[in-house]
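Inspection log for the structure reproduced underneath, given as structure tokens.
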Amino acid sequence: MITCVVDYVIDPAEIEAFEEFGRRWIELVERHGGTHHGYFLPAEGASDRALGLFSFPSLAAYEKYRALFGVDPDFVAADKIRDDSGCVLRYDRSFLRPLER
């Protein structure tokens with residue numbers, strides 16, 4: 001299993017747009033074989049950070065999902081929410097693997 005952690009810098013004034021963006025991506029990840037662990041949004045105070053975590057059974061499964069970016073109409077529509085609202089200022093993506101007992 002591989003888990004993708006996306007560390008976002010968001011526009012706090014566009015949190016509702018980010019929430020809609022996140023709901024769309026949760027659906028897309030799960031529709032295409034992944035497990036979405038949710039988005040973690042600012043809860044208190046002035047913060048511009050959010051995290052998204054999702055897993056795929058393998059890097060190959062993740063790459064199959066990534067091949068749909070910019071091509072699949074549902075993926076394009078989800079990205080349009082981000083692009084039109086400006087809710088995401090930048091992001092970094094990291095890949096982690098679990099260490100289990």
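Everything quoted here is computed from the prediction, not taken from an experiment. Reckoned from all heavy atoms, side chains included, excluding hydrogens, waters and symmetry mates. Numbers for residues simply follow the sequence, beginning at 1.
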| query | Apart from V76 itself, which Ile, Leu, Val, Met, Phe, Trp or Tyr residues share its cluster (side-chain heavy atoms under 4.5 Å, direct or through members)? | reply | none
| task | Might you work through the side-chain contact (heavy atoms from CB on, under 4.5 Å) test for V88 and F21, ending with a clear yes or no? | result | CA-CA 10 Å; V88 174; F21 167 77; 4.2 Å; yes
| task | For the pair R82 and D79, find out whether any cationic side-chain nitrogen is under 4.0 Å from an anionic carboxylate oxygen. | result | yes
| query | With a 4.5 Å limit on heavy-atom distance, are the side chains of L51 and Y8 in contact? | reply | no
Expected list for residues 93-101: side-chain donor-acceptor pairs under 3.5 angstrom, two or more places apart:
none

| query | What's the shortest heavy-atom distance between P12 and S47, and which atoms? | reply | CG-O, 3.5 Å
| query | So do L28 and D74 actually touch side chain to side chain, heavy atoms under 4.5 Å? | reply | yes
| Hey, are the side chains of E19 and I15 touching, using non-hydrogen atoms and a 4.5 Å cut-off? | yes
| task | For H32, enumerate each residue passing the ring pair (Phe, Tyr, Trp, His ring centres under 6.0 Å) test, keeping only those at least two apart in sequence or located in another chain. | result | F75
Please table the atom pairs, donor to acceptor, closer than 3.5 Å between any side-chain atom in residues 34-46 and protein atoms at least two apart or in another chain.
unit_1, atom_1, unit_2, atom_2, d
H36, ND1, G38, N, 2.9
H36, ND1, L53, O, 3.3
H37, NE2, S55, OG, 2.7

| said: Tell me whether F69 at atom CZ has more than 12 heavy atoms from other residues, nucleotides or ligands lying less than 6.0 Å away. | reply: yes
| query | In terms of the angle between their ring planes, are Y65 and Y62 parallel, tilted or perpendicular, with boundaries placed at 30° and 60°? | reply | tilted
| request: Of all the heavy-atom pairs spanning V6 and F54, show the shortest one and how long it is. | output: CG2-CE2, 4.1 Å
| Taking the hydrophobic residues Ile, Leu, Val, Met, Phe, Trp and Tyr, and joining any pair whose side-chain heavy atoms are under 4.5 Å apart, which ones share a cluster with M1? | none
| Non-hydrogen side-chain atoms of C87 and I10 separated by less than 4.5 Å | no
| message | Taking transitive links into account, so neighbours of neighbours count too, which hydrophobic residues share a cluster with L89 at under 4.5 Å side-chain distance? | response | V9
| Pairwise distance CG(D7) to CG(D92) - rounded to 0.5 angstrom | 6.0 Å
| message | Do the side chains of R31 and E27 get close enough for a salt bridge, i.e. N-O under 4.0 angstrom? | response | yes
